[in-house]
Each structure stands twice: as structure tokens, then as C-alpha cells.
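Every chain is numbered from 1 and lettered A, B, ... according to where its sequence line falls, protein lines coming before strand lines.
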2 protein chains.
Amino acid sequence: MTSHPIAGTWVAQFPGLAQLAPELHDLLLARSTILAAPAGTVLFGPGKPPEHLLLLLEGRVRVQQMSDEGRDIVLYRVEAGESCVMTTACLLAHDDYSAQGIAETDIRAAAIPRAVFDRLISASVPFRTFIFTAFARRMSDLFMVIEEIAFQRLDIRLAQKLIELSRGAGRVRATHQQMAAELGTAREVISRQLGEFQRRGWIGQARGVIDLLDPGAIARLAAQEGHGARP
Amino acid sequence: MTSHPIAGTWVAQFPGLAQLAPELHDLLLARSTILAAPAGTVLFGPGKPPEHLLLLLEGRVRVQQMSDEGRDIVLYRVEAGESCVMTTACLLAHDDYSAQGIAETDIRAAAIPRAVFDRLISASVPFRTFIFTAFARRMSDLFMVIEEIAFQRLDIRLAQKLIELSRGAGRVRATHQQMAAELGTAREVISRQLGEFQRRGWIGQARGVIDLLDPGAIARLAAQEGHGARP
DNA sequence: CGGGCTTGGTGATCTTGTCACCGAACTTCG
DNA sequence: CGAAGTTCGGTGACAAGATCACCAAGCCCG
């Protein structure tokens, strides 16, 4: 519509790619394929190295660490408009994953072949910035996860997770086991803590569903940090 | 000495850079400076963005997350022959650090200016592989830290740390507070656990020093995992 | 040498993790 | 439909770890 060729293609969804030179933009469009997958698809994981760099157009991908004994833990989520940097690193490092990526909703993504990725990295400063920024953000995410697991009280972290996962809707669809994986703790602990929230009238529960009856109270608990003033 | 120009320069210390084209190797040598710093130097941290990519030639750098209330936690260590990828990401992302890098010993490092780093990334496949491999390895390190903090017993993790930090010498120089930061726990917990090890005759303690009297026993505990057989 | 700081020890108490076990709700399939 | 198997959640008992409060010994430095 405008004179700028990028407007109107999927590339426009990625602010970091706005500066891309026109010929590289064309290359990206011509050589990448759009991939669609239903919720639940395992996009990559141990023994399933990625062929392509994924730029997520729609939906959400959960990246989690699977441990030996069925204990898994959620590391971070990739939202629409972001790239999956784990893929990036392993793409270039020829390294195997130790984490797993699962489509949490139906997704659409642009799949960029290795060769094109390599070409873009080598030719485009904005593309490099885009990729490295994504890296830096993920590392920061992981740092935060570590700090919270190590030092933050569980009730506060649970309240935060409920707010985060509800995304404004007053409801979270997750089993206690899944919530435990979100926070890196045990199912029983979640059951008890949710029981406490319920006793306070903050939430209602049904199988696989948590209803936030008093989001305000939950948010207030979530906002507390460390040893902040407790009246 | 040999006909290969790389041999004999500091670049030879980095196996990942062996494939570097001769002219890029020369560029790297010509434009980078050698930096020396005594143990304890803060190399980067919040409010101290790095000017250069650091390739560590000698010594060891500890990267730790500083939290609000003096609670800090060790994330990983950079050894000689490795690059400091946090620096890398933030260098290209123009992003601020949330972690801090401290020279744990006297160090020597090659400092590569932004412009040269950019040039190498864009021109050299081996250099890209080198950088992205380092990234992938750090991400894996962080995944492991998360898993261990979340799921591993503290006595086992403490034993592992003692073995790791002693590096064959039968002694670790660290205060209880520092050991607590290594494991993301509290000082009192370390004191009690070390007390237990001492009662068993595995270690001896003095101010700021832990002597491994029975490394075998400690290693045996360190080797246990999860809910492995316990006779 | 004496005051201030760092380091480490300890009991009391609370939170979190683990184990064992049970019952309710859902699913599958004859 | 109804029986059997599976998933999900609840709970008590106990162990491990975190937190708080406080103290004592060693160290540093004027």
C-alpha cells in the first residue's frame, strides 16, 4: 500500500526487521516457508534438531527443560513477533538441544533455512541486532527464573504466575502438575497453596481450571517482593 | 615457526578460531588489545556496559547475578580459552547487563572492539560458529543451574561444588557466605551442612578455608543423583 | 589494646519438599 | 451402560531447607 515494500508482509510483524535492506527482505520472503502447527506439537527437543530458524507469527511456544525423572520445568515462552533463540544458537553451533519447545496454542511461524539465516547474519546489521537482542533477552529471562526460584517465596511466585497465565481473562487452564512445572516445585505444594488461596476466596477451582475470583488480591500478593513491608 | 600464520599467536588458544581466514586473523591481532587485570576487578556489570568483546587468555571470570538485597548468586564461570558471551549479546543488542563479571584470578584477555567484532561476525563462518557455540553452551549451563537449584538435594550440590572448586587441590578458599552464593542458598544452611561433613571427618575448616580430608567420600556423595539407590 | 567488622555457630520457627496413600472425576472399551 | 484403568487432586506425617535472632570468636586497623 505504501511505497515501502516491507509493509503488508509478515516481516512487518517484527519491528527489529524494519531496517532490513529491500533485497534482503525479498530474499527472506522468497526463501522462507510459512509453517502452521496445532497446539501441542513438539517443535524441537532432544534428538529433534531444528532445520530452520523459527520466527513466530501467531500463537505461543513454551520452552521447557525435561529432566530425567519426569520432572520438567518451564524456562520461558516465545510470543508472536519473537524468534526462538535456542533454535538460533543450535542452528549455528550444530549443537543438540537440552530443552524442548512445544506449541502452546495453534501457531504459524516463518521457517528460515540455515543458508538464508547465514546469509542474513553475514549481510545485515539490523538482522544481527535483532538476533542478538533476542539472545540477550532470553539470557535475562533465565537469570530472572534463577533468582526467583532461589529467593522468592512460593505464594508470591504462584500469585505472579496466575496473573501472568490468566492474561486478563479471569481464568487459568492448567492442572496442579502443570503449575508445579511452571514454578519448579512439587504438585502437592501447589495443591496446598491453591487450597489456601481458595480458603481466602481468591480463586475457585475445578479440574484443570483455576478461576481468579479476586484478581486484585492476587495481584497485591504478587507485587510483594523479598522482605518488603508486611502490615 | 610453522608455515601457518596462526600458530604462535594468542589466537591459537581458541580452537574455534583455528579456521579463521589469514587476513581476518591479522585483523584480529592488529586491532585487539591485550588487557590485564588483577583478581577482584569488576569487568562489567549494571551501569558498566562493555566496550569490547573479551576473549579470556589466562585466569578465570565469575559471572554472578546481584539481587536487590545483597543476595547474589553465581551463574557460571568463564575459563581461559572461552569468550564472555554475556558481553557478546549486550555488545550487539546495545542492552544493559543484569549480571556482573568479576575476575576471580589475575587475568589476561584479548579485547576486541565492536567494529572488529562486527566485521568478523559478518565475514567469517568459523567466527560465527565460535560465538554461537559459546552462546549455546552458556544457555545449557543456565539450564543446568536451574534444574539443580530446583530439584537437587543440597548436600549433593555442596559436595559437587567442593569438588569443582577445589580443582584437584585438596582445599577450597571460600567463606560460608560465598559458598551460599555459589549454590543459591543461605549462609546458615551451608554452615550446618559443612558442620555435618566435618562431623563425618570429610573436611576440616578454618576461617575462609575448607580442606577436603576425604575427597573420595565427598565425590561419592556428589555422584549421587535424584533418587538413586541409597543403601 | 580496644572498638568495629567479618565470619561462623546455634536454637526456634516457618516454609517447602517428599513419601505414602486415598478418593473423585474422567476415559476407554467391551 | 458399566467396569477398569488413568489422571487429577487432597491430605497427613515427616524431612529438608529457609529465615530470624542472637552470640562468640577471629581479624583489621587506628
Side-chain angles (χ1 to χ4, degrees), chain A residues 40 67-73 146-162 172-199 203-211 221 224-230, chain B residues 40 67-73 146-162 172-199 203-211 221 224-230:
Chain A
S67 96
D68 33 334
E69 305 153 45
R71 311 210 53 161
D72 45 3
I73 180 165
I146 290 175
E147 197 174 315
E148 298 208 326
I149 290 186
F151 300 131
Q152 191 70 283
R153 290 182 53 89
L154 197 87
D155 49 355
I156 294 176
R157 294 203 295 136
L158 178 55
Q160 289 169 346
K161 243 338 154 193
L162 288 174
V172 175
R173 289 188 178 282
T175 65
H176 293 189
Q177 183 60 62
Q178 287 166 339
M179 292 302 297
E182 295 283 343
L183 299 173
T185 182
R187 200 237 342 137
E188 299 92 313
V189 178
I190 297 293
S191 291
R192 273 193 269 265
Q193 198 62 60
L194 286 178
E196 174 62 26
F197 286 0
Q198 190 170 30
R199 227 164 295 127
I203 62 167
Q205 296 193 67
R207 206 163 223 253
V209 178
I210 303 160
D211 282 301
L221 177 59
Q224 284 188 227
E225 305 211 342
H227 313 270
R230 205 168 309 181
Chain B
S67 97
D68 33 336
E69 305 154 45
R71 311 210 52 160
D72 45 3
I73 180 166
I146 291 175
E147 198 174 314
E148 298 207 326
I149 289 186
F151 300 130
Q152 192 69 285
R153 291 181 52 90
L154 196 87
D155 51 355
I156 294 176
R157 296 203 294 135
L158 178 55
Q160 288 169 346
K161 247 331 158 199
L162 287 174
V172 175
R173 288 189 178 281
T175 66
H176 292 190
Q177 184 59 63
Q178 286 166 340
M179 292 302 297
E182 295 283 343
L183 299 173
T185 184
R187 201 243 335 143
E188 299 92 313
V189 178
I190 296 293
S191 291
R192 275 193 263 264
Q193 198 61 61
L194 286 178
E196 174 61 26
F197 286 180
Q198 189 170 32
R199 228 163 294 125
I203 62 168
Q205 297 191 67
R207 205 162 223 253
V209 178
I210 304 160
D211 282 300
L221 177 59
Q224 283 187 229
E225 304 212 342
H227 311 271
R230 203 168 311 181

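- Look at CG on B:Leu158: it is 15 Å from P on D:dA16, rounded to the nearest Å.
- Phosphate proximity of D:dG10 to A:Arg207: absent, as no side-chain N or O sits under 4.0 Å from OP1 or OP2.
- In terms of position along DNA chain D, the nucleotide closest to A:Thr175 lies nearer the 5' end than the nucleotide closest to the other residue of the pair B:Gly184 and A:Thr175.
- Remark: P of D:dC23 and CD of B:Glu188 are 15 Å apart, rounded to the nearest angstrom.
- Proximity of B:Ser191 to the phosphate of C:dG8: no side-chain N or O atom is located under 4.0 Å from OP1 or OP2.
- Between the base of C:dT18 and the side chain of A:Arg192 there is a donor-acceptor pair shorter than 3.5 Å.
- Rounded to whole Å, atom P of D:dG17 lies 11 Å from atom CG of B:Leu183.
- When the nearest nucleotides of DNA chain C are assigned to B:Arg199 and B:Ala150 by heavy-atom distance, the more 5′-ward of the two goes with B:Arg199.
- Counted by atom type alone, A:Gln193 and A:His176 present zero donor-acceptor pairs between their side chains at under 3.5 Å.
- Using a 4.5 Å heavy-atom threshold, the side chains of B:Gln177 and B:Ile190 count as separate.
- Judged purely by atom type and a 3.5 angstrom limit, A:Arg187 has no side-chain atom pairing as donor or acceptor with the backbone of A:Ala180.
- Listed pair B:His176 / C:dG9 meets the phosphate criterion, a side-chain N or O lying under 4.0 Å from OP1 or OP2.
- Using a 4.5 Å heavy-atom threshold, the side chains of B:Gln178 and B:Arg173 count as separate.
- Distance CG/B:Asp155 to CD/B:Gln224: 8.0 Å, rounded to 0.5 Å.
- Under 3.5 Å, the side chain of B:Arg153 and the base of D:dG17 form no donor-acceptor pair of N or O atoms.
- Between the CG atom of A:Leu194 and the P atom of C:dT16 there is a distance of 13 Å, given to the nearest Å.
- When the P atom of C:dC5 is taken as reference, atom CZ of B:Arg187 falls 17 Å away, rounded to whole Å.
- Within 4.0 Å of B:Gly208, counting heavy atoms only, lie sugar-phosphate atoms of the nucleic acid but no base atom.
- Between the CD atom of B:Gln205 and the C1' atom of D:dA25 there is a distance of 14 Å, rounded to whole Å.
- Here the P atom of nucleotide C:dG8 and the CZ atom of B:Phe197 are 16 Å apart, to the nearest Å.
- For B:Leu154 and C:dT16, the CG to C1' distance is 13 Å, given to the nearest whole Å.
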